[in-house]
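Taking it in order: structure first as C-alpha cells, then the write-up.
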Protein chains: 2
Amino acid sequence: MKDKIRIVLVDDHPVVLEGLSNLIASVDDFVLMGKCQNAMDAMAVIRSQLPDVVLTDIHLPEVNGIDLTHRIKTEFPFIVVLGVSTFQDRSYVSEMIKQGASGYLTKNASPEEIVLAIRKALKGELAIGPISELPGLPFISSESGPVLTRRETEVLRLIADGLTNKEIADKIFVSQSTVDSHRKNLLTKFGVLNTAALVANAAKTGKI
Amino acid sequence: MKDKIRIVLVDDHPVVLEGLSNLIASVDDFVLMGKCQNAMDAMAVIRSQLPDVVLTDIHLPEVNGIDLTHRIKTEFPFIVVLGVSTFQDRSYVSEMIKQGASGYLTKNASPEEIVLAIRKALKGELAIGPISELPGLPFISSESGPVLTRRETEVLRLIADGLTNKEIADKIFVSQSTVDSHRKNLLTKFGVLNTAALVANAAKTGKI
DNA sequence: TTAAAAATCCCCTAAAAAGGGGAGATCAAA
DNA sequence: TTTGATCTCCCCTTTTTAGGGGATTTTTAA
C-alpha cells in the first residue's frame, strides 16, 4: 500500500527496537521500513527507503541522535523525525527540536501515546511527551539548564575534570581572576551554592 | 506444560517489556508468567505465580531492582533473578549479585545472549553480560567506579545536592569530622583531587 | 566468637572556593 | 553608532575543602 506511513527505527538497544517494531506492526497504516542500531546504518536505510517518519534514540554510539536529526533534516527536510529518550535525556530534547525534530517520546510512553505522537508529528504539530502535560511551561526550560557562553562551558568542563581555578587559568591563558569570575557566574546561572551542586546539575542537564 | 521455564518480567519501560516478552514467547520452553512495571506488582505476581526466573530492571520507581532482588531472594531463594541494565547501571550490578541475583544483561544484548544468560543462570552459573567478555578482569571494575559503603553513598549524594560538610553532618546526625572522613575516603576511592571531579565521576558511573 | 569492615570522632595546616564588590576591553547585532 | 553581552581583570573577607595524621566504637560476615 503506497499510502501507508513508512517508518524507520533507530536505537542501539535491540529490545527497544523489538518493542517499537511490534508496536508499529500492530498499527494498520504504519509500515516498518527498517531497524537500525546506529546513525550510519540509519542514513543508508533512509536514503534508500525514503521513509515518512524516523524514530530515533538520542543516545547512539558514534554519531548521536541530535547529529543524526541534523543530517536527516538537511538531506530530507520533509522527513518527520521524532526523538525517543529516557527520562535522563530530556535535556537533549531541545537540541533535537532545534535540529528540526518534530517531537520526542520517552521510552516509558504507552503504545497509544507513541502512535498518537507519530500522527501528531505528521500533521506538522510538535509532539512532546510528558513535559507538555504541564501547561504554561515555557517549552523545555528548567531541565535543560541555563544557557552558557562558550567560555563558561569551557571552564565548566575543566572544573568537572578536576582542575583548580589556577590550573584552568594556566590552561586557557587567562588570569585566575577571570576563571574565578566565570566560576562565580556559573554558580549564579545554575542557581547553586557550590561546585558539587554545579557539577551535579551540569551532569544532569548534559552540559558535561 | 509443567516443565516449561516460567518467567516474570519487571521493567518500567513498556517497550522494553514488550521486546522481552516477545523474545520469551519465541522460545519453546519459556513461558511468560507476568509483566510488571514496579516492584510491588512484581512481588504480588511472584507470590502467586512462583516463577523460575525473574528478569528485572535495576532502575525502577519507588523500590529499585536491588531491593526487589533482596526481597525475592529472601522469600524465595530458589527463584533465579537476573538484572537487566543499561550501560550506565553497571555499578549497581555488583550490588544485585550481592543480593543474590544470578547475573545481569544489558538492554543492548542480543536475543541469543539473553536466552543464553537465562539458561546459564538456571544451571546455577553466574550469567554476566559484556563484562565477562574481558577475561581476567576482577569482575566489575573500571566503568562502574569504586565500591562505596552505604554511608559513603549517602554522603556522596548529599554532597552532589550541594550541602556542605557541616550541613550534611546536621542532616545525618553525625559530627562534621565524620562527614569530613567520608568525603576524604570518597576522594581516595574515586582517585580524584577535589569535589568537582568527584561529582563528575560519580555522575558518570551512575552513583548519583 | 572473632576478625574485618564500616562508621565514628579528633588534631593540625594549607589551599581553594565562595561571596561581595567594581571596572575596562571587545565584539556583534540592532 | 550605540547597546548589550561576553570576556577580561582586580580588590577584599570568610567559609569550605584538602591533606596529613591517628583512634575508638559498631556492624557484619565468616
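What you see is a predicted model; the values in this text were computed from it and never measured. Residue numbers start from 1 in every chain, and the chains themselves are labelled A, B, ... in the order their sequence lines are given, proteins ahead of strands.
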Taking atom C1' of dA16(C) as reference, at what distance in whole Å does atom CD1 of I159(A) sit?
12 Å

With sequence neighbours left out, write down each residue that passes side chain to side chain donor-acceptor pair (under 3.5 Å) with D161(B), or none if nothing qualifies.
none

Quick one: pull up CG in D180(B) and CG in N165(B) and give me the separation to the nearest 0.5 Å.
5.0 Å

So, with a heavy-atom separation below 4.0 Å from DNA chain C, the residues of residues 192-200 of chain B are none

Sequence neighbours excluded, which residues qualify as salt bridge (Lys or Arg N to Asp or Glu O under 4.0 Å) partners of E167(B)?
none

By side chain to side chain donor-acceptor pair (under 3.5 Å) - contacts of T149(B) (at least two apart)
E152(B)

Hey, could you give me the CG/CZ distance between L148(A) and F190(A), rounded to the nearest 0.5 Å?
5.0 Å

Compare side-chain N and O positions of T149(A) against OP1 and OP2 of dC7(D) and report whether any pair is under 4.0 Å apart.
yes

Test salt bridge (Lys or Arg N to Asp or Glu O under 4.0 Å) applied to R183(B) - qualifying residues, sequence neighbours left out:
none

Could I get the full list of salt bridge (Lys or Arg N to Asp or Glu O under 4.0 Å) partners for D28(B), not counting sequence neighbours?
none

Taking only side-chain nitrogens and oxygens of H182(A), does any of them come within less than 4.0 Å of OP1 or OP2 of dT8(D)?
yes

Separation of atom CG in D180(A) from atom P in dA18(C), rounded to whole Å
9 Å

Tell me the interatomic distance from N185(A), atom CG, to dA18(C), atom P, rounded to whole angstroms.
13 Å

Atom pair distance, as rounded to whole Å: CZ in R183(A) and P in dA15(C):
17 Å

According to side chain to side chain donor-acceptor pair (under 3.5 Å), who are the partners of R71(A), at least two apart in sequence or on a separate chain?
none

Short of 4.0 Å, heavy atom to strand atom, which residues of residues 162-179 of chain B count as contacting DNA chain D?
T164(B), N165(B)

Measure from the side-chain N and O atoms of N194(B) to the backbone N and O of G162(A), and report whether any donor-acceptor pair falls under 3.5 Å.
yes

Applying side-chain contact (heavy atoms from CB on, under 4.5 Å), can you list everything that pairs with T178(A), at least two apart in sequence or on another chain?
V174(A), S175(A), H182(A)

What bend angle does the helix from dT1(C)-dA30(D) to dA30(C)-dT1(D) show across its length, from five-pair end axes and to the nearest 10 degrees?
70°

Is a side-chain N or O of D41(A) found less than 3.5 angstrom from the main chain of Q37(A), in a donor-acceptor match?
no

Residues forming a side chain to side chain donor-acceptor pair (under 3.5 Å) with D170(A), sequence neighbours excluded
K166(A)

Atom CZ of F190(A) and atom C1' of dA18(C): how far apart are they, to the nearest Å?
17 Å

Could you write out each protein N or O paired with an N or O of nucleotides 20-24 of chain C at a distance under 3.5 Å?
unit_1, atom_1, unit_2, atom_2, d
dG20(C), O6, K184(A), NZ, 2.5

Please check this pair: side chain of D52(A) against backbone of R6(A), looking for a donor-acceptor N/O pair closer than 3.5 Å.
yes

Return the minimal non-hydrogen interatomic distance between T69(A) and T56(A), and the atom names on each side.
OG1-CG2, 4.3 Å

dT8(C) P sits how many Å from R150(B) CZ, rounded?
11 Å

Could you check how far CG of L187(A) sits from P of dA18(C), rounded to whole Å?
5 Å

